[in-house]
Amino acid sequence: MGQLVVLLPLFGAMLSMPVGRTFGPKASEYVTTGLMAVAAILSWVLFFDVAVGQNARTIELFTWIASGGFEANWAVRLDTLSAVMLVIVNSVSFLVHLYSMGYMKEYGEQSRFFAYLSLFTFAMLTLVTADNFLQLFFGWEGVGLASYLLIGFWFKKKSANDAAIKAFIVNRVGDFGFALGIMAVFYVFGSIEFDAVFEAVRTNAVVDPYGAVAAAPIQELRINFLDNDWHALTVIAVLLFIGAMGKSAQFLLHTWLPDAMEGPTPVSALIHAATMVTAGVFLVCRCSVMFEYAPSAAALVTIVGATTAFFAATVGLLQDDIKRVVAYSTCSQLGYMFFAAGVGAYDAAMFHLFTHAFFKALLFLGSGAVIIAMHHEQDMKKMGGVKDILPLTHILMVIGTIAITGVGIPKLYLFGAPFGTAGFVSKDMIIEGAWHAGHLGRAFGNFAFVMGLLAAVMTAFYSWRLIFLTFWGKSRAPESVRKHPHAVPDAMMWPLIPLAIGAIVAGMVFYGDFVGKEKEQFWNGALYFSDTHHGETVKDAEHLNTEEVASVADDHGKEGHAESAKKDEEDKIPTWVYWSPFIAMLFGSLAAAFHYLRGDPLRPGLLRPGGMIYAFLKNKWYFDEIYDFILVKPALLIGRFLWIDGDGKTIDAVGPDGIAATVASNAKRIVKLQSGYLYHYAFAMLIGIAVLVTFVLIRMGGG
């Protein structure tokens with residue numbers, strides 16, 4: 001079954017275009033979407049078997065590479081982490097396929113589009129089910145290729161081609177670090193198999209890298225890198241994280257993500273909700289044991305993630321393109337996931353990745369419905385009143401908005417889970433976890449907590465700004481759009497309903513398994529928990545009273561466990577920390593309502609056009625301009641110099657072009673000797689005979 005889940009999308013990708021040519025584009029849609037439906041159903045079956053039923057296993061298919069002492073097998077790894085990702089990837093991909101049957105109707109080229117979608121899904125599935133770093137890298141590069149094809153799907157459009165190339169090149173920067181990380185893993189451990197590597201780190205095994213002076217326990221091992229001695233696990237973890245930064249569009253390597261909106265809207269939903277950008281979070285969580293024993297690398301993850309959450313939220317405040325607003329929200333939410341992993345809350349990071357898939361796919365697909373209805377207009381300032389045209393889409397988008405902003409009631413539990421939307425349950429877990437990590441002295445935990453709260457304020461503001469500008473108020477659309485709204489196919493609306501349900505209840509339903517009392521049993525070793533004595537989450541620890549502390553001590557019968565329980569009581573999260581994300585959400589929401597529901601919604605606000613801060617945020621912190629000045633223009637100047645002066649004026653001028661010119665010039669001179677007059681040739685022959693006779697006579701006389 002595991003093999004089938006991975007291979008079905010590949011079969012769809014292979015069959016789409018031949019079937020489309022033979023039976024028409026509708027046939028390719030049905031084939032690929034049908035195969036994705038089967039894969040999605042099987043994914044849920046595997047989830048309950050592997051994660052809930054604790055039936056983890058690895059299915060080895062064949063030996064992929066064998067060279068000397070190096071061997072890499074192709075296998076399907078089925079543990080809780082991969083089972084969770086299978087559910088996310090295949091469920092969202094199926095709904096995107098279904099949605100695309102309506103969305104792509106008027107664009108054409110459905111066979112090619114659905115082939116790319118299925119290929120994208122297959123690449124992501126190979127990534128999340130990989131059993132070694134090299135197989136993971138295969139899927140990693142596969143999603144990069146598929147994203148290039150899908151972002152540049154409309155290849156006759158220059159902006160789409162530019163965006164595809166930009167995504168490809170920026171990801172190559174991160175992938176270079178990732179490739180070095182894999183090489184470092186093999187150099188240090190002599191293996192790239194997950195089980196062998198993670199077990200060595202967990203048990204602090206003695207390793208003997210090639211060329212090392214002496215063997216040493218891996219947690220203390222130092223290696224030479226860039227002519228300096230570094231902690232080996234830190235070097236490996238940082239290099240792997242650089243790859244994650246590129247793929248998940250983290251700060252400094254984020255510039256490709258907004259431009260990826262040039263692809264069709266279903267592509268944006270698939271990239272942002274289930275594939276590609278989630279790969280980086282998955283990688284860090286898969287390697288959680290390595291980051292736990294590389295605190296400097298974990299601190300870097302925390303800093304970059306928290307900075308990304310804040311940065312992307314500030315940029316989202318002033319975006320007018322409906323898809324770019326949602327894109328920057330993805331960038332910000334990924335920052336939350338990374339700083340959660342950085343402070344050691346890997347379970348919270350994966351929980352938010354899981355819930356985020358529902359409301360982010362909902363927001364993107366809902367935005368696609370709006371774009372279709374508005375005759376492909378994407379500027380929110382030219383919309384307004386869309387709720388009268390698309391009442392169901394309006395309701396579903398509001399559901400997605402309350403999920404991403406985190407609407408819920410703090411400290412209220414329903415059936416053992418916090419009461420609120422999916423985003424409320426998972427994002428609040430991250431913010432509270434960051435405070436707790438900082439309180440216990442984990443590097444940069446407090447920084448992440450503050451950045452997370454500030455990002456929550458801005459997330460609420462720009463999310464409700466999207467709703468108010470797009471759906472509420474008077475229509476600002478042209479008369480032709482208001483009188484003749486474009487019909488939205490039913491195929492585009494049905495997929496939004498299960499996503500909306502998930503956006504509301506997924507957090508409450510899966511809280512207990514992902515981050516609750518049973519989390520260690522649920523994850524079953526797929527994630528590393530440094531404090532193994534914690535059977536509950538930080539939230540659960542709050543409910544310990546003095547009697548329960550004593551009870552824990554009695555139950556365990558060990559003084560150390562009693563001290564741990566007392567520590568839980570001493571370090572419990574204060575009430576104000578629980579309420580702070582809710583207050584941040586409320587403040588941002590009310591600020592958006594105050595501005596956009598009173599008078600002209602387009603009137604200038606605190607950040608007025610022409611101001612320095614407005615320009616700074618409107619131009620996305622000038623990263624594109626900075627990179628253009630520092631990297632692109634110098635590269636073009638160097639390339640132009642090497643092309644014109646180096647290749648043209650030097651190599652070609654001296655080499656092939658120079659030789660060819662010399663031969664041609666000499667040939668022209670020689671040609672002039674051929675006059676065509678007989679007496680010229682007779683005279684030349686006479687001169688030649690005279691010279692020859694003279695030469696002979698001289699030789700004879702000399703003899």
Side chains of [X] and [Y]: does their closest heavy-atom pair fall under 4.5 Å?
X    : Y    : result
Y293 : Y528 : yes
M85  : L125 : no
C287 : L240 : yes
F351 : V425 : yes

Within 6.0 Å of [atom1] in [X], more than 12 heavy atoms from elsewhere:
X    : atom1 : answer
F616 : CZ    : yes
I583 : CD1   : yes
F468 : CZ    : yes

Answer yes or no: is there a donor N or O on one side and an acceptor on the other, between the side chain of [X] and the main chain of [Y], under 3.5 Å?
X    : Y    : answer
R222 : D229 : yes
Y462 : A313 : no
S248 : Q250 : no
N204 : Q219 : yes
T308 : G335 : no
R77  : V128 : no
W230 : V235 : no
T355 : S426 : no
K620 : V315 : no
Q54  : Q521 : yes

Please name the pair of heavy atoms, one in [X] and one in [Y], separated by the smallest distance, quoted to 0.1 Å.
X    : Y    : value
S91  : V87  : OG-O, 2.7 Å
I431 : G452 : CD1-O, 4.1 Å
R202 : G525 : NH2-O, 4.4 Å
G502 : A422 : O-CB, 3.8 Å
A327 : L257 : O-CD2, 4.0 Å
D428 : P581 : OD1-CB, 3.3 Å

Could you walk me through whether I223 and V188 pass the side chain to side chain contact (heavy atoms under 4.5 Å, CB included) check? CA-CA 9 Å; I223 59 174; V188 170; 4.3 Å; yes
Could you please spell out the steps behind the ring pair (Phe, Tyr, Trp, His ring centres under 6.0 Å) verdict for F522 and F514? CA-CA 7 Å; F522 174 77; F514 276 76; 5.2 Å; yes
Quick one: [atom1] on [X] to [atom2] on [Y], what's the gap to the nearest 0.5 Å?
X    : Y    : atom1 : atom2 : result
I501 : L362 : CD1   : CG    : 11.0 Å
H352 : Q333 : NE2   : CD    : 4.0 Å
L334 : K360 : CG    : NZ    : 7.5 Å
I504 : L499 : CD1   : CG    : 11.5 Å
T58  : D131 : OG1   : CG    : 4.5 Å
T80  : W523 : OG1   : CH2   : 7.0 Å

Using atom types as modelled, flag every donor-acceptor pair under 3.5 Å from a side chain in residues 298-306 to any protein atom, sequence neighbours excluded.
unit_1: T302; atom_1: OG1; unit_2: A298; atom_2: O; d: 2.9
unit_1: T302; atom_1: OG1; unit_2: G342; atom_2: O; d: 3.3

Which pairs, with at least one residue in [range] and sequence neighbours excluded, count as a side-chain hydrogen bond (donor to acceptor under 3.5 Å, both in side chains)?
range            : value
residues 234-246 : H231-T234
residues 271-288 : D79-R286, H272-T330
residues 579-593 : W464-S589
residues 442-457 : E292-R442

Which is it for V326 and L466 under the side chain to side chain contact (heavy atoms under 4.5 Å, CB included) test, yes or no, and what are the steps along the way? CA-CA 9 Å; V326 185; L466 183 152; 4.0 Å; yes
Relative to the ring of [Y], is the ring of [X] parallel (under 30°), tilted (30 to 60°) or perpendicular (over 60°)?
X    : Y    : answer
F47  : F510 : perpendicular
F444 : F447 : perpendicular
Y336 : F339 : tilted
F359 : H356 : perpendicular

Ring centres of [X] and [Y] under 6.0 Å apart?
X    : Y    : answer
F338 : F241 : yes
F623 : F311 : yes
F358 : F354 : yes

For F178, check ring-ring contact (aromatic ring centres under 6.0 Å, His included) against everything at least two apart and list the hits.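 ring-ring contact (aromatic ring centres under 6.0 Å, His included) check on F178 returns F137, W140.
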Full working for ring pair (Phe, Tyr, Trp, His ring centres under 6.0 Å) between F194 and F133: CA-CA 7 Å; F194 289 152; F133 283 99; 4.9 Å; yes
Is the shortest distance from a Lys or Arg side-chain nitrogen in D347 or K519 to a carboxylate oxygen in the other one below 4.0 Å?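 Looking at D347 and K519, the cut-off is met.
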Is R57 salt-bridged to D49, going by a charged N under 4.0 Å from an acidic O?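 Yes, this pair counts.
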Worked verdict on Y413 versus Y511 for side chain to side chain donor-acceptor pair (under 3.5 Å): CA-CA 11 Å; Y413 286 76; Y511 167 81; 4.6 Å; no
Step-by-step side chain to side chain contact (heavy atoms under 4.5 Å, CB included) determination, M245 to V173: CA-CA 10 Å; M245 285 177 63; V173 176; over 6 Å; no
Please lay out, stage by stage, how M585 and F582 fare under the test side chain to side chain contact (heavy atoms under 4.5 Å, CB included). CA-CA 5 Å; M585 176 275 297; F582 176 82; 3.6 Å; yes
